[in-house]
Every structure is written in C-alpha cells, then in structure tokens.
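All values below were derived from every heavy atom in this structure, side-chain atoms included, with hydrogens, water molecules and symmetry-related copies excluded. Please read these numbers as outputs of a predicted model, since none were measured by experiment.
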Amino acid sequence: MVRQDVLEVPNDLWPIADFFMQGLGNEVNITNENEMAMLIEGFLYLYITIVILTILAYKFGFAKKLPPLKSAVVYIILMVGMFFITLIFGLNLPVAESLAVIAAILGLYRLRLHQERKKRTE
C-alpha cells in the first residue's frame, strides 16, 4: 500500500538536480515542514538555474534588438515556460546540463564571431 503523506525522490538524479536535492533522502514526508521546505528550496534553485541558463542561451544565440516591452514579454514567457519544464522534466532529464552545454557553445560561437568582426574592421 502506498502512503499518501510520502513523496518519493528518485535516487538517480542528474548532477545539477542532485546537487540541489541532496539531503532529502529517498522520501519526503509531506507533513514535515522542514522536509517540504528543503524540497521547495531545491526546486527553486533548480528553476532559477534553468532560467538563467535559458536566458544565456537565448541571448547568445537568438536574441535580436527588441523594444523594452517586447523584450519583457519574451522573458516573462520564457520564465513561465521554464517553470513548467522544470516541474515536469527537471528531475528526470538533464535539462540544466543540456542548457549549460548549449549556453557554452553559443557563447564560444558569439566570442569567435566578435573576434572575426573585430579583425575585419582593423
């Protein structure tokens, strides 16, 4: 029989999610305020990490100059979307790790592009 007041935490989390969820063990007692606070805190840190990496990937690879209001709408939609992505896939898939690789590659591309353009102007 499954207990209704216990939430299971997977053992095989990806490294970034595991870092934020460490100390929880295999089960979280929903009625225990300290354990729920640790779970929510770990989720929020994972969410913030994913949002920051997504913003970096967007800025390095896809962002164009937009008016401030349109830019704000893009970032708000990005944050709302990443909340659901983190909620559904954050613990089971390497979302943060993939975004870190994407942001690093696009950052290197942007750096090389900047260096090329600088050489052309000289």
- Starting at CD of Gln115, measure out to CZ of Arg112 and round the result to the nearest 0.5 Å.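 The distance works out to 6.0 Å.
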- If you measure from CD1 on Ile16 to CG on Leu13, what distance do you get to the nearest 0.5 Å?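 Taking CD1 in Ile16 and CG in Leu13, the distance rounds to 12.0 Å.
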- Item | Heavy-atom closest pair, residues Ala17 and Gly90 |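 So the two residues come closest at CB-O, 3.9 Å.
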- Message: Let's go through Thr49 and Phe20 carefully: what are the C-alpha distance in whole Å and the side-chain angles of both, what is the deciding distance for side-chain contact (heavy atoms from CB on, under 4.5 Å) to 0.1 Å, and is it a yes or a no?
- Response: CA-CA 10 Å; Thr49 302; Phe20 292 129; 3.3 Å; yes
- Message: Under the criterion side-chain contact (heavy atoms from CB on, under 4.5 Å), I'd like the reasoning laid out for Leu91 against Met21: C-alpha separation, chi angles, the key distance, then a yes or no.
- Response: CA-CA 9 Å; Leu91 296 178; Met21 298 295 174; 3.8 Å; yes
- Item | Hydrophobic cluster identity match, Ile48 and Met79, side-chain contacts under 4.5 Å |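 Looking at the clustering, Met79 is in the same group as Ile48.
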- Query: Linking I/L/V/M/F/W/Y whenever their side-chain heavy atoms sit closer than 4.5 Å, directly or via other members, would Trp14 and Ile50 fall into one cluster?
  - Reply: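 No, Trp14 and Ile50 fall in different hydrophobic clusters.
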- Over all heavy atoms of both residues, which pair between Ala96 and Leu53 is shortest? Give the atoms and the distance, please.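 Distance-wise, the nearest heavy atoms are O-CD1, 3.4 Å.
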- Could you grab the distance from atom CD1 of Ile102 to atom OG1 of Thr54, nearest 0.5 Å is fine?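 One finds 8.5 Å between CD1 of Ile102 and OG1 of Thr54.
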- Do Val73 and Val51 belong together in a cluster built from hydrophobic side chains that touch within less than 4.5 Å?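 No; tracing contacts between hydrophobic side chains, which count when under 4.5 Å, never links both residues.
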- In terms of hydrophobic clusters joined by side-chain contacts under 4.5 Å, are Tyr45 and Ile88 together?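 Yes; tracing contacts between hydrophobic side chains, which count when under 4.5 Å, links both residues.
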- Message: Under the ring-ring contact (aromatic ring centres under 6.0 Å, His included) definition, can you give me all pairs with a residue in residues 73-94, not counting sequence neighbours?
- Response: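 For residues 73-94: Phe43-Phe83, Tyr47-Phe83, Tyr58-Tyr75.
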- Message: Distance check, rounded to the nearest 0.5 Å: Thr121 atom OG1 versus Glu116 atom CD?
- Response: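 Reported to 0.5 Å precision, the distance equals 11.0 Å.
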- Task: Apply the test side-chain contact (heavy atoms from CB on, under 4.5 Å) to residues Val9 and Asn26: give CA-CA distance (whole Å), side-chain angles for both, the deciding distance (0.1 Å), then the verdict.
- Result: CA-CA 5 Å; Val9 178; Asn26 294 335; 5.9 Å; no
- Query: Between CD of Glu27 and CG of Asp5, what distance do you get to the nearest 0.5 Å?
  - Reply: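 Glu27 atom CD to Asp5 atom CG measures 9.5 Å (nearest 0.5 Å).
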- Indicate, with yes or no, if Ile85 and Ile77 share a hydrophobic cluster defined by side-chain heavy-atom contacts under 4.5 Å among Ile, Leu, Val, Met, Phe, Trp and Tyr.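 Different hydrophobic clusters.
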- Item | Residue pair Leu56 / Ala103: nearest heavy atoms and the distance that separates them |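 Leu56 and Ala103 have their closest heavy atoms at CB-CB, 4.1 Å.
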Got a list of side-chain donor-acceptor pairs under 3.5 Å for residues 33-40, not counting sequence neighbours?
from	atom 1	to	atom 2	distance (Å)
Glu35	OE1	Asn29	N	2.6

- Message: Nearest 0.5 angstrom please: Leu113 CG to Leu108 CG, how far?
- Response: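 Those atoms lie 12.5 Å apart.
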- Message: Does anything in residues 86-110 form a side-chain hydrogen bond (donor to acceptor under 3.5 Å, both in side chains)? List the pairs, not counting sequence neighbours.
- Response: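 Listed by first then second residue: nothing to list.
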